[in-house]
Amino acid sequence: MKFTSVLAAGTAAVLALGLTACGSSDDGGGGGTEDVTITMLPKNLGNPYFEASTAGAEEAAGELGATVEEVGPDTASPDAQVPFINTAAQQGVAALVVSANDPTAIGDALQEARDAGTKVVTFDSDTEPQFRDLFVNQASAEGIADKQLELISDQIGGEGEIAILSASANATNQNAWIALMEEKLASDYPDIELVETVYGDDDDQTSFDKTAALLQSHPDLKGIVSPTTVGIAAAARYVSTSEYKGKVAVTGLGTPNQMREYVEDGTVEAFALWNPTDLGYLATQAAAALAAGDITGEEGDTFEAGRLGEFTVGADGEVLLGEPFVFDESNIADFDF
Ligand code: RAM
């Protein structure tokens, strides 16, 4: 897939993901989105993935007349987000948009915020469903798991030892993808053996060190799957200047801006992701629709999400952005996030 250079990268990404601009306006029956206050709470600060999702949140808020403030912890530990949730509730913000570091550890804090009238949207990494009004999911967990297995299998010739370098040990999103990858490996990839799963905590240095340790402990390792943008970038950086370059495949989920140099230098053949800017944009549109009373989060509710068009709430209060997209040498220059 190729795009002309006159297209803005964000637009190119939207087109690549099969999403069309629509420009429709909020026509719901609620009180309007103007002056709605939204707190954006990523897993941790300093991760370019979440910087992109917050940029999408700000874009949506600008269109809606709402305001967004991003806050968050430095580390992606299970309950590090609790004080930020408490503060948002005390401030009486209309909606909280959060990527959870743990499915339950922030549950009580979220419930208190909801009792105080704040709508809660999880995006990227969910909590258990009872703690939030909606989950804006980037792609189906099965689709994300399958895509990463296809990539690693292709890159190691369908056989050999692989390891997983994940984010934090409690992350809802990575753990769901890993569980599905384990199941699918057992049923569909009999010649690939998952020898170890390690956790880099979405911290660059920890992920880098865990990569080194994996390669030392498993001399026959043929590939590393890292379902986190922080992990895959750190693994690729380690491998790119090591004896393993060209011998050990690195794939998983990455941002094009962080991975470009490793695709161009041949360390990485291909990896996947969705558009995190669109994800933040959609989550903010959903939060504003809830806050304005246009939707309640019931299955079947529909809302207009600006340039992304209309979305419908599915089972368990889930809204789906789209499908994962594969980046490789042929298209990586076309993206800027
Ligand atoms: C990291 C985070 C995020 C995840 C991406 C793929 O940025 O762990 O939650 O969705 O990777």
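Remember, it's 1-based here, ligands and their atoms both numbered in the order they're listed. The shown structure was predicted, so the numbers you read here are calculated from the model rather than taken from an experiment. Residue numbers start at 1 and run along the sequence shown.
Applying the side chain to side chain donor-acceptor pair (under 3.5 Å) test to residues at least two apart or on different chains, the pairs with a partner in residues 201-215 are Asp202-Thr228, Asp203-Thr206, Asp204-Arg237, Gln205-Asp209.
Applying the side-chain hydrogen bond (donor to acceptor under 3.5 Å, both in side chains) criterion to Tyr238, with sequence neighbours excluded, gives no partner residue. Under the rule for a ring pair (Phe, Tyr, Trp, His ring centres under 6.0 Å), the partners of Phe271 that lie at least two apart in sequence or sit in another chain are Phe327.
With no hydrogens or angles considered, a side-chain donor-acceptor pair links Asp336 and Asn257 at under 3.5 Å. At a cut-off of 3.5 Å, with distance as the only test, a side-chain donor of Ser330 or Asp328 sits close to an acceptor on the other residue. Donor-acceptor pairing under 3.5 Å is lacking for the side chains of Ser166 and Gln174.
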List of N/O pairs, ligand 1 versus protein, all under 3.5 Å?
from	atom 1	to	atom 2	distance (Å)
ligand 1	7 (O)	Asn47	ND2	2.9
ligand 1	7 (O)	Thr229	OG1	2.5
ligand 1	8 (O)	Lys43	NZ	3.0
ligand 1	8 (O)	Gln174	NE2	2.8
ligand 1	8 (O)	Asp202	OD2	2.6
ligand 1	9 (O)	Lys43	NZ	2.8
ligand 1	9 (O)	Asp124	OD1	3.4
ligand 1	9 (O)	Asp124	OD2	2.5
ligand 1	9 (O)	Asn173	ND2	3.0
ligand 1	10 (O)	Tyr49	OH	3.4
ligand 1	10 (O)	Asp124	OD1	2.5
ligand 1	10 (O)	Asn173	ND2	3.2
ligand 1	11 (O)	Thr229	N	2.9
ligand 1	11 (O)	Thr229	OG1	3.4

